[in-house]
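Here's the structure we're looking at; comments come further down.
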Amino acid sequence: MASDAATDATAARLRTLRAVRETAAPLARAPPGVLQHFDVSLPALDTYAARVAALVARDYAGAAARVPPHTRWRHFCVTGPAGAAPAGVSGVGGGEDPVAGLAAAWRAAGVGRVEVGRRVVDLFVVSVLLDAGAGAAWRYRGPAASARGFAAADGVGRSEGLALASLDWFAAGGLSGTYTAAAAGGAAAVDDGLKWRADAAGLRCVDAAAVATALQADAAAGNAVEGLEGRAGLLRRLGDACAERPEYFGGGPGGRPGMLVDYLLAKVGVTAAEVDARGESNAAAAVEVPFDALWEVIVDGLGSVWPATRTRLGGVSLGDVWPCEARRRLSELEGSSAAAPG
């Protein structure tokens, strides 16, 4: 049996980006029948690359940089049959890009660039963790869905519906324990900026009932959502990580996913004040950070978010991963080939 030190070293290596690439790359050369769901034909890749290049040339004037990245951000931009309401007219959700619209509104209100970044990361991390299959029948019909042009009778489902539901939840301050505590304290005026965050105090209080309310889940009305408790558990564990990993997320009740922005800036020796003092253009304020640093935050900082049923080695969570049966079969096949007499 491997020693604890050796096991820890193996776990640490497997959590690196290099190990992910080295482990996955051999699957591209797997012979037919080894992969579980499809076979790879490397000669055919040139044909499909040419097809993609032709589509980029047709739809984006050949400029690959103009192709919108397929990220969570795009789910917020879904547009219904009625078209999106103008930005700022129907609360959050309007305009061509509701997240960019929110960021612009915050900047216009005097919010610094780094805090805008923190807020966007807060929203996106929570939204991604909520984005598991909700069921084919589920629909969201909240304010953001209306602002995106979806009629109440139809609503919007799938990842786009979950994105808009998370946007409304975030905008209402439902994920900010700081805001909730200030409002409950009976203060004459609560700082509106406090609601635009997801902090440890708020996330640790999330239960299945809160998720059901945010997603408008109602089994009796035919709008059931699968996995409410699982989603709630992810958000509570996110709150734990924000509170217990101050090096990444600030720590304590006010710890936030968005504080990873500060961690990344510190990695390259830049302060929030320096970024906020830069010019108004995005190019002037841009800061380049190493991708390995972001990978570390996700794998190490958020490793505890995943359920205990995920793959572990020596008690160390390897993240949102599972063993790859095809990789084992390929290793066995290549080992047999190497051992066979020539």
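In what follows, residues are counted from 1 in the order of the sequence shown.
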For this session: For residues Y140 and N223, determine if any side-chain heavy atom of one lies less than 4.5 Å from a side-chain heavy atom of the other.
Result: no
Exercise. Side chains of V268 and L264: closer than 4.5 Å at any heavy-atom pair?
Worked result: no
Problem set entry | Near-ring test F124/F76, centroid separation under 6.0 angstrom | yes
For this session: To the nearest 0.5 Å, tell me how far L162 CG sits from S127 OG.
Result: 7.5 Å
Exercise. Of all heavy-atom pairs between A198 and V126, which one has the smallest distance, and what is that distance?
Worked result: CB-CG2, 3.8 Å
Problem set entry | Side-chain heavy-atom pair V116, V114 within 4.5 angstrom cut-off | no
Exercise. Any salt bridge between R118 and E115, counting N to O under 4.0 Å?
Worked result: yes
Exercise. Cut-off 3.5 Å, side chains only: do W295 and D300 have a donor facing an acceptor?
Worked result: no
Exercise. How far does CZ of R15 sit from OG1 of T10, to the nearest 0.5 angstrom?
Worked result: 13.0 Å
Seminar exercise, completed: dist L235:CG -> L175:CG (nearest 0.5 Å) comes out at 7.0 Å
Problem set entry | Close side-chain approach of P307 to R237, heavy-atom, < 4.5 Å | yes
Exercise. Is the side chain of R107 donor-acceptor paired with the backbone N or O of V111 at a distance under 3.5 Å, no angle test?
Worked result: yes
Exercise. What are the two closest non-hydrogen atoms of T79 and A84, and how far apart are they?
Worked result: CG2-N, 3.6 Å
Exercise. Can you tell if the side chain of L238 reaches within under 4.5 Å of the side chain of P257, non-hydrogen atoms only?
Worked result: yes
Problem set entry | Heavy-atom donor-acceptor pair, W138 side chain to L215 backbone, under 3.5 Å | yes
Exercise. Looking just at side-chain N and O atoms, do R51 and T47 make a donor-acceptor pair shorter than 3.5 Å?
Worked result: no
Problem set entry | Polar side-chain atom of D122 near backbone of R197 as donor-acceptor pair, under 3.5 Å | no
Problem set entry | Min side-chain heavy-atom separation R158-V78 under 4.5 Å | no
Exercise. Is a donor on one side and an acceptor on the other found under 3.5 Å between the side chain of R231 and the backbone of A132?
Worked result: yes
Problem set entry | Nearest-0.5 Å distance, CG of residue L294 to CD1 of residue I298 | 4.0 Å
Problem set entry | Pairwise distance CD(E325) to CZ(R328) - rounded to 0.5 angstrom | 4.0 Å
Exercise. Okay, side chain of D97, backbone of C77: is any donor-acceptor separation there less than 3.5 Å?
Worked result: no
Seminar exercise, completed: Scanning both residues in full, the closest heavy-atom pair of G93 with A147 reads C-CB, 3.7 Å
Exercise. Ignoring hydrogens and geometry, is there a side-chain-to-backbone donor-acceptor pair from D199 to R256 under 3.5 Å?
Worked result: no
For this session: Answer yes or no: is there a side-chain heavy-atom contact under 4.5 Å between L123 and S166?
Result: yes
Exercise. Taking side chain as C-beta onward, heavy atoms only, is T16 less than 4.5 Å from V20?
Worked result: no
Problem set entry | salt bridge (charged side-chain N to carboxylate O under 4.0 Å, His left out) partners of R148, counting only residues at least two apart | none
Problem set entry | Side-chain donor/acceptor of R327 to backbone N/O of T23, under 3.5 Å | yes
Problem set entry | With sequence neighbours excluded, residues passing salt bridge (charged side-chain N to carboxylate O under 4.0 Å, His left out) with D131 | R72
Exercise. So, T178 side chain and L194 main chain: donor-acceptor pair closer than 3.5 Å or not?
Worked result: no
Exercise. Are the side chain of E274 and the backbone N or O of T271 linked by a donor-acceptor pair below 3.5 Å?
Worked result: yes
Exercise. Can you check whether G177's main-chain N or O pairs, donor with acceptor, with R204's side chain at less than 3.5 Å?
Worked result: no
Exercise. How close do W106 and V120 get, heavy atom to heavy atom, and via which atoms?
Worked result: CZ3-CG2, 4.2 Å
Exercise. Is the count of non-hydrogen atoms from other residues, nucleotides or ligands lying under 6.0 Å from Q36 atom CD greater than 12?
Worked result: yes
Exercise. Taking all atoms of both residues into account, what is the closest heavy-atom pair of F249 and A241, and its distance?
Worked result: CD1-O, 3.6 Å
Exercise. Does a donor on one side chain sit under 3.5 Å from an acceptor on the other, for Y248 and E296?
Worked result: yes
Exercise. Going by distance alone, is a donor N or O of one side chain under 3.5 Å from an acceptor N or O of the other, for Y179 and D191?
Worked result: no
Exercise. What is the distance from atom OG1 of T311 to atom CH2 of W306, rounded to the nearest 0.5 Å?
Worked result: 12.5 Å
Exercise. Between R329 and E334, does at least one N-O distance fall below 4.0 Å, as a salt bridge requires?
Worked result: no
Problem set entry | Test log, rule salt bridge (charged side-chain N to carboxylate O under 4.0 Å, His left out), inputs R236 and D207 | CA-CA 8 Å; R236 288 195 299 272; D207 57 17; over 6 Å; no
For this session: Give the C-alpha distance, both sets of side-chain angles, the deciding distance and a yes or no for salt bridge (charged side-chain N to carboxylate O under 4.0 Å, His left out) between R245 and E247.
Result: CA-CA 5 Å; R245 301 302 301 270; E247 67 272 35; 2.7 Å; yes
Problem set entry | Which atom of A217 lies closest to which atom of V225, heavy atoms considered | CB-CG2, 3.6 Å
